[in-house]
Amino acid sequence: MTSHRQSPHRRAFAFALACAALLAACATPPNPGVDVAPVRQVPRAAPLPEGWEHGAFMEVFVRSYQDSDGDGVGDLRGLTRRLDYLQALGIKGLWLMPINASSDHDHGYAVTDYRAIEPAYGTLADFDELVRQAHARGIGIVMDYVINHSSSQNPLFRQSASSKTNPWRDWYVWEDTKPVGWSIFDNDPWTMTSNGAYFHQFNDSIPDFNLRNPAVVAYHLDSLRFWLNHGVDGFRIDAVGHLFENGPQGWSVQPENYPFMGMLRRELDIDHPHVMVCESPADPIGFAAPGACGAAFAFGHSDALVKAGRGDAKAIREVADYFTGAPDTMATMVSNHDHFAGKRLWDAMDGNAARVRVAAAAYLLQPGTPYVYYGEELGMSAAATADKDGQLRGPMSWTAAGGFTTGTPYRPASTNRATHNAEAERADPGSLLAFYTALLHLRNAYPSIARGSYLAPRVDGLTMSFQRAWKTERTVVVINDGDAAGAARLASLPANARLQRLYPSAGPASPLPAASTDGGLVVPADPLSVQVFLVSQ
């Protein structure tokens, strides 16, 4: 009979092994179910020509842009198929709304895996091919990155929520007892669970990361590097005004937010500068500062652009004056994917194509980087759905029949698809598509428009004018937002300068006079018109 009793030495050895295993388990958190490994950024030469980022970008919702396989959902292969259209339009960059795996299976801002592609959009290989094909056409790729919060279905949050002692607990913001006295957007931002209360600035399905935890910051930097290694040219960072909280009255645009974003930018620009553009409606100019993001969306200016296009005199003055104080790194727009930012431009102008033109011309020709919202260049209207955000995110109108998918679209189409679609407008030299193409090609052809200084802005009645200058090149823009004829009284032109018409190509029969010796000149402006001139001597 064999004895199962262990000697004292064997018992001591077994105990030591058990202790070592326990210590190792304590030192190494359990696998969270997503890739959190460190990523070394691979330095690479800039894949695009110098200054490409001064061209116009297009914001693309991949789910609604082009379906390649008939399942009714847009995907990366579909977008790749449409790059020739975007190149012909004159687009130099794409902002892709989130393409990471998400739990919302729609807008993408509830991320479940920061290093994986949303399955409905395709594969990482599909993304790599999109980047390769875009770069071949001189188009950069900017990814949407959601750093403030994740999905509650993200394995990292599930670990964090599983117990108070879980090693991943401190990756999110928790309190043992639910705090009181908080209200964000008229909602309580704390949700109580059996293991404490977690914080969420927006809703309980997207809990906030704890960005005071260095491990969380390192993970996000590594995830950003992951995508840089796959060739992306930069990032649109979501909700940067909400990164840190300092109590019930200190949850928006806190002092820590700005240097944090500056740190991210410096960490990633180890080989060449990448685009970083941030979303913060509460303080866009502050986040555009060099010590922060360096660029931010010009909320407020976007509202004024729309009002000016409708003939509002006060707004016209605001638009003209905006870049006398705002940096030229602002990202400008007239609408985007969020209903709080306004309607689609066609709907905001009540279907008046002339007013769409004057509103669009201001931001396409002023300083800053214009971000065209997909379908805007066609005058695409809202989708036929009751959901306010869904109205803005309908399938792209490629043809009168749709052209988005061979199957059933996941969301209803635009209400004016039959008349405002890419196929019809490509054949019409007077279409909105032709107008956008003309202005974007001007921007690409003339550095003064793309990146020049902003000179002599003025308003005469409802007619706005301004000049752009780059080295020895100078251009003049005249926009009449009024229903009646107007005139721009230009000043500060070089003495005896003449204006050569760039747009529209068919101008008045009589030549413009030479500038007076004091640099002044009066330019007549037809109702709801856009004119662009090159200054020559």
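Values reported hereafter were calculated over all heavy atoms of this structure, with side chains retained and with hydrogens, waters and symmetry mates removed.
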S.K.: Can you confirm whether or not the ring centre of His301 sits under 6.0 Å from the ring centre of Tyr363?
M.R.: no
S.K.: Between Tyr219 and Phe209, what is the ring plane arrangement, given parallel below 30°, perpendicular above 60°, and tilted in between?
M.R.: tilted
S.K.: Do the side chains of Arg77 and Asp126 get close enough for a salt bridge, i.e. N-O under 4.0 angstrom?
M.R.: yes
S.K.: Taking all non-hydrogen atoms of both residues, which atom of Ser152 and which atom of Phe157 are closest, and how far apart?
M.R.: O-CD2, 3.3 Å
S.K.: For the residue pair Thr475 and Ser448, confirm or rule out a side-chain donor-acceptor distance under 3.5 Å.
M.R.: yes
S.K.: Going through the distances and angles, do His230 and Val131 end up as a side chain to side chain contact (heavy atoms under 4.5 Å, CB included)?
M.R.: CA-CA 8 Å; His230 279 274; Val131 172; over 6 Å; no
S.K.: Does any donor atom in the side chain of Gln66 or Tyr85 lie under 3.5 Å from an acceptor atom in the other side chain?
M.R.: no
S.K.: Do we see a donor-acceptor contact under 3.5 Å between the side chains of Gln41 and Glu267?
M.R.: no
S.K.: Show your working on ring pair (Phe, Tyr, Trp, His ring centres under 6.0 Å) between Tyr145 and Trp227 and close with a plain yes or no.
M.R.: CA-CA 10 Å; Tyr145 193 88; Trp227 292 109; 8.9 Å; no
S.K.: Under 3.5 Å, is there a donor on one side chain and an acceptor on the other for Tyr410 and His105?
M.R.: no
S.K.: Among Trp251, Phe199, Phe260, which residue satisfies the ring pair (Phe, Tyr, Trp, His ring centres under 6.0 Å) criterion with Phe244?
M.R.: Phe260
S.K.: Return yes if a side-chain donor-acceptor contact under 3.5 Å exists between Asn203 and Ser205, otherwise no.
M.R.: yes
S.K.: Give the minimum heavy-atom separation between Phe185 and His242, together with the two atoms involved.
M.R.: CZ-CE1, 3.7 Å
S.K.: Taking the ring centre of each residue, are Trp95 and Phe297 less than 6.0 Å apart?
M.R.: yes
S.K.: For the residue pair His220 and Tyr114, categorise the inter-ring angle as parallel (less than 30°), tilted (30 to 60°) or perpendicular (more than 60°).
M.R.: perpendicular
S.K.: Taking NZ, NE, NH1 and NH2 as the nitrogens, is one of them in Asp106 or Arg411 under 4.0 Å from a carboxylate oxygen of the other?
M.R.: yes
S.K.: Does Asp67 come within less than 4.0 Å of Arg81, counting only side-chain N to carboxylate O?
M.R.: no
S.K.: Examine the side chains of Ser223 and Arg115 and answer whether a donor and an acceptor come within less than 3.5 Å of each other.
M.R.: yes
S.K.: Are His149 and Phe202, when compared by the centres of their aromatic rings, separated by less than 6.0 Å?
M.R.: yes
S.K.: If you count the non-hydrogen atoms of other residues, nucleotides and ligands that lie under 6.0 Å from NZ in Lys178, is the total more than 12?
M.R.: yes
S.K.: Would Arg236 and Glu59 pass as an ion pair if we require N to O under 4.0 Å?
M.R.: no
S.K.: Taking side chain as C-beta onward, heavy atoms only, is Tyr198 less than 4.5 Å from Ser160?
M.R.: no
